[in-house]
**Q** 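This structure is in structure tokens; I'll ask about it shortly.
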Amino acid sequence: MIRLLLPLLLFGLLPARLLGAADDLTTHTAPDGTPFYVLGALPSSPRPTLLIFAAEGRKALEESNFSEVGRLLRQEAEYLCLALDLPAHASDQRPGEPPGLKGWRARVDRGEDFVTPFAARISALLDHLVRTGRTDPARIAIAGTSRGGFMACQVAAREPRIGAVVAFSPVTDLPALTEFSGMEKDPLTLSLAAARLAPRLAGRPVWIVIGNHDRRVD
């Protein structure tokens, strides 16, 4: 329970009750063709907005381990909660490319920064949601788990409208992952270390939780 309450306190919200039944997911398409997923329907007026990252967008909203904070915020403060497929996951996996974290590694092996284009896609989606009256631009937050936590920090560092970040057991240094073994001195890999984001996140609330000895994300 503490795991859930602390990020809610970060947003200035304390839940009066826990959410029971799951919301239906709806699928939408951004102007650039990117699919995104929403808990319930898109609102008809500007709402505080929470981006939720895990791996696949649907999984991020369907599985309670990833989406419960969003469901609480949706009930308590009518948040718009949405998710997208991370790079090399589901709709973003390219033909012949390995899925998931192995796809990230394949892109880095080609010298490709897979983070910056994704962050630009998020900014474009936020532009669209603000322009169409769905999102309150002064109340945007982001949350993610593991690789989603890594990407949440990366996107927030590049998008100043994101006012708060929650990261559950985030990847903070890619070489800690088995998928990035041997990349400890690779300049592109090192440039994506979360510690390098501190100057761009300074002044915004960032809440991070992780185990004492996480064997997966270090």
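If you're wondering where the values come from, they're calculated on a predicted model, not measured in any experiment. Index from 1, following the sequence.
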**Q** Side chains of Arg71 and Gln75: is there a donor and an acceptor less than 3.5 Å apart?
**A** no

**Q** Of the options Phe180, Phe118, Trp104, which is the one that meets Phe150 in a ring-ring contact (aromatic ring centres under 6.0 Å, His included)?
**A** Trp104

**Q** Return yes if some donor-acceptor pair links the side-chain N/O of Arg196 with the main-chain N/O of Leu190 below 3.5 Å, else return no.
**A** yes

**Q** Is His89 close to Arg147 at the side-chain level, that is, under 4.5 Å between some pair of heavy atoms?
**A** yes

**Q** Would Arg121 and Asp85 satisfy salt bridge (charged side-chain N to carboxylate O under 4.0 Å, His left out), going step by step from the backbone distance to the final call?
**A** CA-CA 11 Å; Arg121 201 176 311 148; Asp85 298 320; over 6 Å; no

**Q** Considering non-hydrogen atoms only, spot the tightest contact between Arg158 and Ala119 and give its length.
**A**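 Nearest pair, atom of Arg158 first, then Ala119: CD-CB, 3.5 Å.
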
**Q** Which heavy atom in Pro170 sits nearest to a heavy atom in Val209, and how many Å separate them?
**A**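 Heavy atoms only, the tightest pair is CD-O, 3.8 Å.
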
**Q** For the residue pair Leu125 and Leu84, establish whether any side-chain heavy-atom pair is separated by less than 4.5 Å.
**A**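 When only atoms from C-beta onward are counted, Leu84 and Leu125 do touch, with a gap below 4.5 Å.
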
**Q** Using distance alone, with no hydrogens and no angle criterion, decide if Arg58 and Thr27 have a side-chain donor and acceptor under 3.5 Å apart.
**A** yes

**Q** Which heavy atom of Ala77 sits nearest a heavy atom of Pro48, and at what distance?
**A** O-CG, 3.8 Å

**Q** Might you point out which heavy atoms bring Val165 and Cys153 nearest each other, and give the distance in Å?
**A**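 The answer is CG1-SG, 4.1 Å.
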
**Q** Can you spot which of Leu126, Ile162, Thr116 makes a side-chain contact (heavy atoms from CB on, under 4.5 Å) with Val155?
**A** Ile162

